[in-house]
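Indexing begins at 1, ligand by ligand and atom by atom, following the structure's order.
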Amino acid sequence: MSESAATLNQRFGISGIATVVEGNGGIPAVRIATSHCTGEVCLIGGHVTRWKPADSMEVLWLSDHSLYSVGKAIRGGVPVIFPWFGAKADDPKAGSHGFVRNRMWELESINANDDTVTVTLLVRSDASTKPLWPSDFELRLRAAFGVQLTLQLEITNTDKQPLRAEEALHSYFTVGDVRQAAIEGLDATAYIDKTDGNTRKTQSGNVRITAETDRVYLDTANSVRIVDPVLRRRILIKKEHSLNSVVWNPWIEKAHSLSDFGDDEWPSMVCVEPSNVGTTAVELAPGQQHTMTVHISTSAM
Ligand code: TA6
């Protein structure tokens with residue numbers, strides 16, 4: 001049984017800076033408030049749900065229809081995708097995007113310095129994960145809230161066998177109107193177009209969203225920038241040890257088909273997802289670790 005928000009706050013809270021509260025759905029969440037930013041991370045899924053720099057608007061998008069209950073993924077923020085991306089290759093009945101985003105994680109620590117508040121959450125294999133995926137693992141998310149948001153996803157192979165896993169920080173970003181946004185940094189990059197029979201294509205120029213868009217960009221360590229002329233803001237997504245970026249917007253039909261996604265919400269969001277999937281999935285020998293790091297920052301236009 002996980003600890004109550006009050007108990008967690010007694011153990012980990014930092015007065016006036018980081019408070020563990022009963023968040024949406026009564027699920028414990030860590031709320032951050034400093035001179036640099038406000039933010040929130042929910043213990044379901046180790047899920048960062050909010051980050052607002054002091055000099056900008058909320059950066060992460062959340063659906064008004066999102067569910068907050070164990071067993072369901074929160075729609076928006078930064079879902080942690082592990083150990084498979086999309087459908088499970090050998091089991092089409094398995095849930096999409098792995099299983100850690102639906103489970104309660106442990107709050108391991110909250111640390112603060114002058115610039116950032118870092119919240120570390122942990123989920124590990126147990127008897128309930130083995131039927132879903134055989135490997136023993138520990139997965140940590142370190143979220144550093146400051147003038148930028150830095151996310152580190154650390155996989156530890158605690159098994160006696162090698163481990164191969166896909167991972168993504170499936171980030172939902174707020175835009176004024178996705179139809180007027182441009183996504184820079186992927187020019188001339190190969191991608192798999194999941195809206196066109198998984199055809200392999202090459203990006204020409206900036207990515208623009210003019211229909212349902214679901215693309216897995218390949219072999220790219222590039223930073224990606226969302227240029228938003230409506231909110232007059234750029235969102236920069238820099239990454240380390242990630243060789244894929246996924247770009248997704250459901251557009252009209254797909255949004256209508258998702259019960260936790262409002263019919264008229266799709267123009268206000270775009271996903272840019274630093275990841276390691278397919279042929280660039282993470283492979284670890286017993287005892288080895290891998291950390292994918294993402295730095296998110298904003299600038300005014
Ligand atoms: O990352 C893009 C994607 O794989 C899309 O295909 C779409 O399914 C999206 O993720 C959301 O998936 P979810 O399982 O969270 O509804």
Query raised in the report: Is Phe261 in contact with ligand 1, taking contact as a heavy-atom separation below 4.0 Å?
Result: no

Should you measure from each heavy atom of [X], which atoms of ligand 1 turn up under 4.0 Å away?
{"X": "Ser96", "answer": "14 (O)"}
{"X": "Asp214", "answer": "2 (C), 5 (C), 6 (O)"}
{"X": "Val246", "answer": "1 (O)"}
{"X": "Glu273", "answer": "1 (O), 2 (C)"}

Requested in this report: Give a yes or no on whether Trp51 and Leu43 share a hydrophobic cluster (residues Ile, Leu, Val, Met, Phe, Trp, Tyr; joining criterion: side-chain heavy atoms under 4.5 Å apart).
Outcome: yes

Query raised in the report: Can you tell if the side chain of Arg142 reaches within under 4.5 Å of the side chain of Glu154, non-hydrogen atoms only?
Result: yes

Query raised in the report: Is there a donor-acceptor pair under 3.5 Å between the side chain of Ser242 and the backbone N or O of Asn276?
Result: no

**Report entry** Under 3.5 Å: donor-acceptor pair, side chain of Trp84, backbone of Gly95
**Finding:** yes

Give the residue and atom name of whichever protein heavy atom lies nearest to [atom], and the separation in Å to one decimal.
{"atom": "atom 16 (O) of ligand 1", "result": "Arg75 NH2, 2.9 Å"}
{"atom": "atom 8 (O) of ligand 1", "result": "Lys254 NZ, 3.7 Å"}
{"atom": "atom 10 (O) of ligand 1", "result": "His97 NE2, 2.9 Å"}

**Report entry** The single option from Lys130, Lys160, Arg124 passing side chain to side chain contact (heavy atoms under 4.5 Å, CB included) against Asp136
**Finding:** Lys130

**Report entry** Qualifying residue, where the test is side chain to side chain contact (heavy atoms under 4.5 Å, CB included) with Leu243 and the options are Thr280, Thr279, Val277, Thr220
**Finding:** Thr280

Query raised in the report: Which part of Arg101 is near ligand 1, with near meaning a heavy atom under 4.0 Å away: side chain, backbone, both or neither?
Result: side chain

Query raised in the report: Is Tyr172 in polar range of ligand 1, meaning some N or O pair under 3.5 Å apart?
Result: no

Query raised in the report: Do you see a donor-acceptor pair shorter than 3.5 Å between the side chains of Glu240 and His295?
Result: yes

